[in-house]
Every structure is written in C-alpha cells, then in structure tokens.
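Here the structure is laid out as structure tokens; the discussion comes afterwards.
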There are 2 protein chains.
Amino acid sequence: MSLVEKKMPRINERLATSGFRFTPQREHVYSVLLEERDHPTAEQVFLRAKNGMPDISMATVYNCLDALVKCGLVKQVTADRGGMRLCTNMHEHCHFYCERCGGRYDIYLTRARPRVPLPRRVRAHHCELSIGALCPDCGAKRK
Amino acid sequence: MSLVEKKMPRINERLATSGFRFTPQREHVYSVLLEERDHPTAEQVFLRAKNGMPDISMATVYNCLDALVKCGLVKQVTADRGGMRLCTNMHEHCHFYCERCGGRYDIYLTRARPRVPLPRRVRAHHCELSIGALCPDCGAKRK
DNA sequence: CTAGGTGCAAAAGGTTTGCGGTTAA
DNA sequence: TTAACCGCAAACCTTTTGCACCTAG
C-alpha cells in the first residue's frame with residue numbers, strides 16, 4: 001500500500017473537522033504532495049498539480065495549501081530564503097537544508113529532545129529545528 | 001558600558017578577516033542593530049538607519065546586512081513569513097515568535113541540547129530552533 | 001439561498017540586480 | 001589603479017487580494 005493510498009482517506013474528515021470543504025483541487029494538491037517525499041516550493045506544487053488538473057491556478061494552490069496546513073495534514077517549512085516549502089511528514093522531526101543546492105531532507109533527533117522554557121500559559125503551536133550546511137554532494141564539489 | 005560600545009570595536013577586524021571593507025554604512029547599520037535587542041525586519045533596519053544617515057538606500061542596507069551576516073556579527077532569522085529578521089545575539093539560543101502580532105523573542109534552552117545526526121563530513125553552519133505560539137498579550141486578547 | 005471555493009488578473013511585499021559614479025587598499 | 005562599495009531605480013519572485021462565477025450544504 002503506497003503512502004498516497006494510506007494517507008488520502010484521511011483528507012475528507014480532516015478538512016471537515018476544521019470547517020473546510022472537501023474539493024477535487026484540495027484532494028489533488030494533497031495527493032501531489034504525498035507522491036514525492038521532497039519539500040517542494042508552492043511553485044513546484046503548482047507545476048506538479050497541473051499534471052492531471054491543467055486548469056488549476058496558483059491562487060487555488062495557495063488556498064489548498066493553506067487549508068491543508070490548517071487542518072494538520074501538511075506542514076510549512078520556512079528555513080532559509082526562497083519561499084515556503086511544504087512537508088507531509090507530520091512526525092516530530094527537523095530539517096536539513098543545503099546552503100548551496102537548496103535541497104531539503106528530514107532528520108530525526110536521536111537523543112535528547114530539547115526542553116524549551118516558555119512563559120506560563122503559552123503553548124507552542126509550531127516548532128521547527130533546521131540545520132543549514134553543505135550536503136555531501138555539494139561539499140565534495142566545492143573541493 | 002553599553003552593548004553598542006562593547007561590541008562595536010569588533011566590527012572593523014571582523015569585516016576585514018572576511019574580506020569586506022569597513023564602511024560608514026556598515027558601521028552605522030551594525031550600531032542600529034545593536035541599539036535595540038529586538039528582531040527587526042530589513043525594512044525596519046532601513047528606517048532606523050535613516051536617522052543619522054538620511055541618504056542610505058535600501059540596497060545598501062541589504063548589502064550591509066549581507067556583509068554583517070557573512071562575517072559572523074549578525075544572524076538571519078527566517079521562521080514564519082514576513083521576510084528576514086535580524087538578530088545580533090550570537091550566543092546559542094532559539095526564537096519564539098507570536099503568530100498573531102509577529103513579535104520575536106530569544107529563548108535559551110535550559111536542559112538538553114539537541115543531538116542531531118548528520119552524515120559524516122557534514123558540519124552544520126547554521127542551526128535554528130523556532131517556536132510559534134501566541135504571546136501572553138495576544139493569548140489574553142483572544143479570550 | 002448563502003457561505004465558501006475557484007480561476008483570473010492585478011496588486012502588494014520583500015529582495016535582487018544593473019548602472020554610473022565614488023572611495024578605500 | 002582597480003576592485004569593492006554606494007545610491008537610485010527598475011526588475012524579480014513569491015504571495016495576497018479583488019472580482020465574477022460556480023457549487024455544496
């Protein structure tokens with residue numbers, strides 16, 4: 001069973017419980033995000049979504065992404081410049097980005113999970129740890 | 001001795017060792033950043049820099065910020081939308097941002113420092129942990 | 001019937017770039 | 001002398017907004 005087959009059925013109820021309607025565009029955008037486990041920009045999502053739905057517009061892609069983020073199916077990653085990146089991996093993890101080629105990869109913390117002191121009554125909604133460096137390929141090229 | 005007086009003398013050598021020239025604009029932009037310990041946007045830096053240097057341009061502010069970041073005097077913070085934020089606190093710390101008012105605050109980790117498994121020969125250049133939530137003020141207003 | 005969603009096009013931010021003139025090494 | 005830097009303005013890229021039309025509840 002593919003990741004797409006496994007995760008797609010959730011979209012309907014997830015949208016509904018957050019007060020969003022289930023639309024073909026939102027379903028399609030979500031399936032496009034699930035197909036590749038990379039961290040595409042909104043522009044890349046748009047281009048991929050046009051395969052199979054040629055009439056979809058950029059504004060609709062942003063609308064869909066917003067709904068998917070708000071109903072907890074997709075995360076927005078904003079480390080470094082170049083616009084938002086999308087991520088469908090909702091497990092606790094952090095991100096590695098290459099400063100040269102811009103590639104993004106998921107990293108899982110092995111040992112301690114950081115303890116962050118927040119003021120009373122403040123509960124973190126979003127938490128993101130990102131590491132910037134040269135990926136092995138770019139590091140090799142540089143030499 | 002103020003933070004400005006304490007840190008300003010470093011700028012000359014720091015720029016030099018990274019191959020940048022020491023210019024009045026860079027000095028001024030750095031002093032502006034040191035004066036307030038908030039996390040201004042490039043736009044805000046530009047507006048503050050114009051006090052005392054009315055002819056400075058936006059492009060020059062970006063140039064100065066780029067040089068200051070590259071020579072290790074200033075950090076760029078990119079959590080959430082709304083453009084880059086600047087930070088002169090070079091100690092290891094993470095950032096809190098309010099999802100409502102956009103305010104940013106430094107947070108220091110108390111206990112464990114996260115251990116992130118990176119591939120061999122990959123050394124992290126940048127590392128950023130950011131937490132998004134409602135600040136106490138905005139949390140109170142929402143009720 | 002009405003709020004929400006879509007596509008299109010234009011606008012709005014934020015950042016970068018090209019260019020002529022200036023300045024420090 | 002010349003490479004780096006400055007200010008200005010235009011270009012660029014990403015994201016948001018306004019509007020007319022459409023559709024699910």
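First the proteins, then the strands, lettered A, B, ... as listed; each starts at 1.
What separates CE of A/M53 from P of C/dT6 is a distance of 9 Å, to the nearest Å. Rounded to an integer number of Å, the gap from CD of A/Q25 to P of C/dC8 is 11 Å. Between the CZ atom of B/F46 and the C1' atom of C/dT16 there is a distance of 15 Å, rounded to whole Å. In this structure, the NE2 atom of A/H28 is 14 Å from the C1' atom of C/dT6, given to the nearest Å. At whole-Å resolution of the value, CG in B/D55 and P in C/dT23 are 13 Å apart. Across the protein-nucleic acid pair, A/F20 atom CZ and C/dG4 atom P stand 10 Å apart, rounded to whole Å. Nucleotide C/dT23 holds its P atom 17 Å from the CD atom of B/E27, rounded to whole Å. Put simply, CG on B/D66 is 8 Å from P on C/dT16, counting in whole angstrom units.
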Fill in: Base-contact (B) and sugar-phosphate-only (S) positions in nucleotides 20-25 of chain D, heavy-atom cut-off under 4.0 Å, - elsewhere
---BB-
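Between B/T23 and C/dT23 there is no side-chain N or O to OP1 or OP2 distance below 4.0 Å.
When the ring-ring contact (aromatic ring centres under 6.0 Å, His included) test is applied to B/Y105, no partner is found at least two apart in sequence or on another chain. Evaluation of the ring-ring contact (aromatic ring centres under 6.0 Å, His included) rule for A/H93 yields A/H95, A/Y108 as partners, not counting sequence neighbours.
The side chain of B/S57 has D/dC8 as its nearest neighbour among D/dC8, C/dT6, D/dC5. In this structure, the nucleotide among D/dC5, D/dG7, C/dT6 sitting nearest to the side chain of B/I56 is D/dG7.
Across all strands shown, B/T60 has heavy atoms under 4.0 Å from base atoms, whether or not it also approaches the sugar-phosphate.
With axes fitted over five pairs at each extremity, the angle between the ends of the helix from C/dC1-D/dG25 to C/dA25-D/dT1 is 40° (10° resolution).
Atom CD of B/Q25 is separated from atom CG of B/D55 by 9.5 Å, given to the nearest 0.5 angstrom.
If you check the side chains of A/H39 and A/D106, you find a donor sitting under 3.5 Å from an acceptor.
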Just the atom pairs and distances: protein N or O near nucleotides 12-17 of chain D's N or O, under 3.5 Å.
{"residue": "D/dT15", "atom": "OP1", "partner": "A/M84", "partner atom": "N", "Å": "2.8"}
{"residue": "D/dT15", "atom": "OP2", "partner": "A/Y62", "partner atom": "OH", "Å": "2.2"}
{"residue": "D/dT15", "atom": "O5'", "partner": "A/Y62", "partner atom": "OH", "Å": "2.9"}
{"residue": "D/dT16", "atom": "OP1", "partner": "B/R81", "partner atom": "NH1", "Å": "2.5"}

Compile the donor-acceptor pairs under 3.5 Å between side chains in residues 42-53 of chain A and protein atoms, sequence neighbours left out, one pair per line.
{"residue": "A/Q44", "atom": "OE1", "partner": "A/T41", "partner atom": "N", "Å": "2.8"}
{"residue": "A/Q44", "atom": "OE1", "partner": "A/T41", "partner atom": "OG1", "Å": "3.4"}
{"residue": "A/R48", "atom": "NH1", "partner": "A/D38", "partner atom": "OD1", "Å": "3.3"}
{"residue": "A/R48", "atom": "NH2", "partner": "A/D38", "partner atom": "OD2", "Å": "2.7"}

